[in-house]
Protein chains: 2
Amino acid sequence: MRYTPHMAMAKKRSYEQYCPMAHALDLVGDRWNLLVIRELMHGPKRYTDLVEHLPGIGTNILASRLRDLEAGGLVSKRVLPPPAASRVYELTEYGRELRGVLRELALWGARSLGPPTDEDELFPGWLANALDVMLAPFAPPGRFEFRIGEEVASIVDREAKEGPADEPDVVITGDPEGVYYMFVDSRLDLVSVEGDRALLEQLITVAPQPLPAAATA
Amino acid sequence: MRYTPHMAMAKKRSYEQYCPMAHALDLVGDRWNLLVIRELMHGPKRYTDLVEHLPGIGTNILASRLRDLEAGGLVSKRVLPPPAASRVYELTEYGRELRGVLRELALWGARSLGPPTDEDELFPGWLANALDVMLAPFAPPGRFEFRIGEEVASIVDREAKEGPADEPDVVITGDPEGVYYMFVDSRLDLVSVEGDRALLEQLITVAPQPLPAAATA
DNA sequence: CCGCATCCCCAAAGATACTG
DNA sequence: CAGTATCTTTGGGGATGCGG
């Protein structure tokens with residue numbers, strides 16, 4: 001590979017501590033890194049798909065982060081075969097092993113995450129992300145479909161994905177606030193439910209409970 | 001409380017995504033935050049103790065982070081009673097609930113953490129930190145004492161702490177490289193062992209295994 | 001001392017425009 | 001489509017100062 005100036009390889013900033021956690025943070029601690037990994041956790045994605053799912057990232061930052069993650073052995077770049085050729089990024093085995101970390105972190109964060117506000121951007125995929133981390137792994141077996149605002153996502157046999165479900169057992173329709181209070185207060189009056197209501201009530205019981213009060217500042 | 005200019009409350013930067021993980025990162029994602037929490041995980045600490053255990057942090061940054069963490073409900077400031085009065089910082093219940101995240105993250109990081117190099121700073125407490133997260137929870141019951149370079153730390157009944165152990169079953173003496181290869185390659189020829197060698201061999205089997213190769217870049 | 005605030009400098013993040 | 005080039009703004013690192 002030829003040397004070009006812009007490759008000047010910005011010597012990564014490091015904590016320079018001999019500590020497993022400091023080292024982990026050297027790999028994934030920079031801003032946006034874990035969110036990029038969150039997106040790739042769903043499978044390989046193209047550059048522009050990533051941009052779309054990471055509102056506010058700025059294309060240079062994304063390029064830089066992908067370079068860092070590749071250098072760290074967490075992400076690999078692959079070129080799809082000629083017909084409809086395109087580059088995709090995907091997690092390596094080591095990258096995928098962050099799944100447990102992401103889940104625990106998100107579950108912890110969920111406890112102080114209030115209802116959606118106007119400040120929050122409801123980017124494409126937010127619903128599937130939230131379902132995936134907060135509910136899917138603990139869900140009762142069954143087929144759930146959620147239609148919240150613009151988004152449609154589903155949980156099928158403990159797996160969350162974007163889009164509708166085939167032959168869902170229950171379909172929940174509503175807005176983001178409604179679905180929030182459904183899970184944290186078991187209120188079913190703000191959403192509309194079609195299908196197996198009892199199954200939905202089972203699902204509600206596995207949702208993480210928010211902090212008593214305050215703490216959200 | 002009176003308003004003074006420097007309180008101008010640096011409006012925290014946020015990802016502004018409605019996502020549990022993005023929210024978690026708004027709380028703990030900034031540089032140094034998780035390392036501060038790692039330190040407080042061992043119990044309340046004074047400002048200067050934190051500075052000492054976080055080489056390179058810069059005093060203004062630490063102050064800023066402690067303010068953020070307090071505002072986020074993760075840390076609280078407490079003033080010890082008059083005799084030897086001093087302020088200490090400690091984790092709230094919500095802050096302590098990050099323990100699982102820290103452990104998983106560190107275990108993940110440990111897999112690509114090579115042997116200590118000259119670049120790495122061996123700050124006070126590094127040994128206890130490493131033992132705590134990588135070995136202690138999975139250790140066989142028993143009393144281990146490690147004397148590695150300047151540091152002394154121990155594992156007693158699955159709990160790591162700084163300093164020697166009372167009546168240790170086994171004492172390991174050596175340097176950082178030696179202890180690294182002891183755990184990753186089960187080599188006992190680079191350290192000296194006094195006491196129950198079999199118990200130590202049991203401990204070695206629970207150490208996380210490093211990645212096959214490369215990846216460390 | 002301990003617990004910060006201030007100042008200066010530079011590196012990284014953000015925004016936008018542009019190119020192979 | 002998949003990024004790079006460039007400019008501006010923000011934040012971190014390091015040193016120092018200062019009140020309690």
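Within every chain, numbering begins at 1; the chains are lettered A, B, ... in the order of the sequence lines, protein sequences first and strands thereafter.
- Phosphate proximity of dT4(D) to Y47(A): absent, as no side-chain N or O sits under 4.0 Å from OP1 or OP2.
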Q: Show your working on side chain to side chain contact (heavy atoms under 4.5 Å, CB included) between L27(B) and W108(A) and close with a plain yes or no.
A: CA-CA 11 Å; L27(B) 291 173; W108(A) 176 87; 3.8 Å; yes
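- Atom P of nucleotide dC1(D) and atom CG of L80(A) are separated by 14 Å, given to the nearest angstrom.
- Heavy-atom distances to DNA chain C give each of T59(A) and D30(A) a nearest nucleotide, and the one nearer the 5′ end belongs to D30(A).
- Atoms CG (D49(B)) and P (dC1(C)) sit 15 Å apart, rounded to a whole Å.
- The distance from atom CG of L66(B) to atom P of dG12(D) is 13 Å, rounded to the nearest whole Å.
- One cannot find a donor-acceptor pair under 3.5 Å joining the base of dA13(C) and the side-chain atoms of S64(A).
- Salt bridge absent: E70(B) and R67(B) never bring a charged side-chain N and a carboxylate O closer than 4.0 Å.
- Regarding E52(A), its CD atom lies at a distance of 17 Å from the C1' atom of dG3(D), rounded to whole Å.
- Under a 4.0 Å N-O distance rule, the pair E145(B)/R143(B) does not qualify as a salt bridge.
- Checking the phosphate oxygens (OP1, OP2) of dA12(C), no side-chain nitrogen or oxygen of R31(B) falls inside 4.0 Å.
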Result block: side-chain N/O donor-acceptor pairs under 3.5 angstrom for residues 50-66 of chain A, not counting sequence neighbours:
unit_1	atom_1	unit_2	atom_2	d
H53(A)	ND1	D49(A)	O	2.9
R65(A)	NH1	R31(A)	O	2.6

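- Toward the 5′ end of DNA chain D lies the nearest nucleotide of V88(A), the other residue of the pair V88(A) and Y15(A) mapping further downstream.
- For dG14(C), one of the phosphate oxygens OP1 or OP2 lies less than 4.0 angstrom from a side-chain nitrogen or oxygen of R13(B).
- Once rounded to the nearest 0.5 Å, the distance linking CD of E97(A) with OG1 of T92(A) reads 8.0 Å.
- Contacts of I57(B) with the nucleic acid, taken as non-hydrogen atoms under 4.0 Å apart, involve only primed sugar atoms and P, OP1 or OP2.
- Between the CZ atom of R67(A) and the C1' atom of dA5(D) there is a distance of 12 Å, given to the nearest Å.
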Q) Can you check side chain to side chain contact (heavy atoms under 4.5 Å, CB included) on V101(A) and V28(A), steps first, answer last? A) CA-CA 11 Å; V101(A) 176; V28(A) 299; over 6 Å; no
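- Rounded to an integer number of Å, the gap from CG of L62(B) to P of dG11(D) is 18 Å.
- Under the 30°/60° scheme for interplanar angles, the aromatic rings of Y89(A) and Y47(A) are found to be tilted.
- Residue contacts shown for N60(A) include a base, since a base heavy atom lies under 4.0 Å away.
- For the helix from dC1(C)-dG20(D) to dG20(C)-dC1(D), the axis fitted to the five pairs at one end and the axis fitted to the five pairs at the other end meet at an angle of 30° (nearest 10 degrees).
- Taking side-chain N and O atoms only, R87(B) has no distance below 4.0 Å to OP1 or OP2 of dC1(C).
- What separates CG of N33(A) from C1' of dA12(C) is a distance of 13 Å, to the nearest Å.
- Straight-line distance from the CG atom of L35(B) to the P atom of dG13(D): 11 Å, rounded to whole Å.
- Ionic pairing of R78(B) and E90(B) is present here: one or more N-O contacts between side-chain nitrogen and carboxylate oxygen are shorter than 4.0 angstrom.
- An OP1 or OP2 oxygen of dA13(C) is reached within less than 4.0 angstrom by a side-chain nitrogen or oxygen of R65(A).
- You'll find that the side chain of A63(B) is closest to dA5(C), out of dG12(D), dA5(C), dC1(D).
- Between T48(B) and dG3(C), a side-chain N or O to OP1/OP2 separation shorter than 4.0 Å is present.
- At the phosphate of dG13(D), OP1 or OP2 sits under 4.0 Å from a side-chain N or O atom of W32(B).
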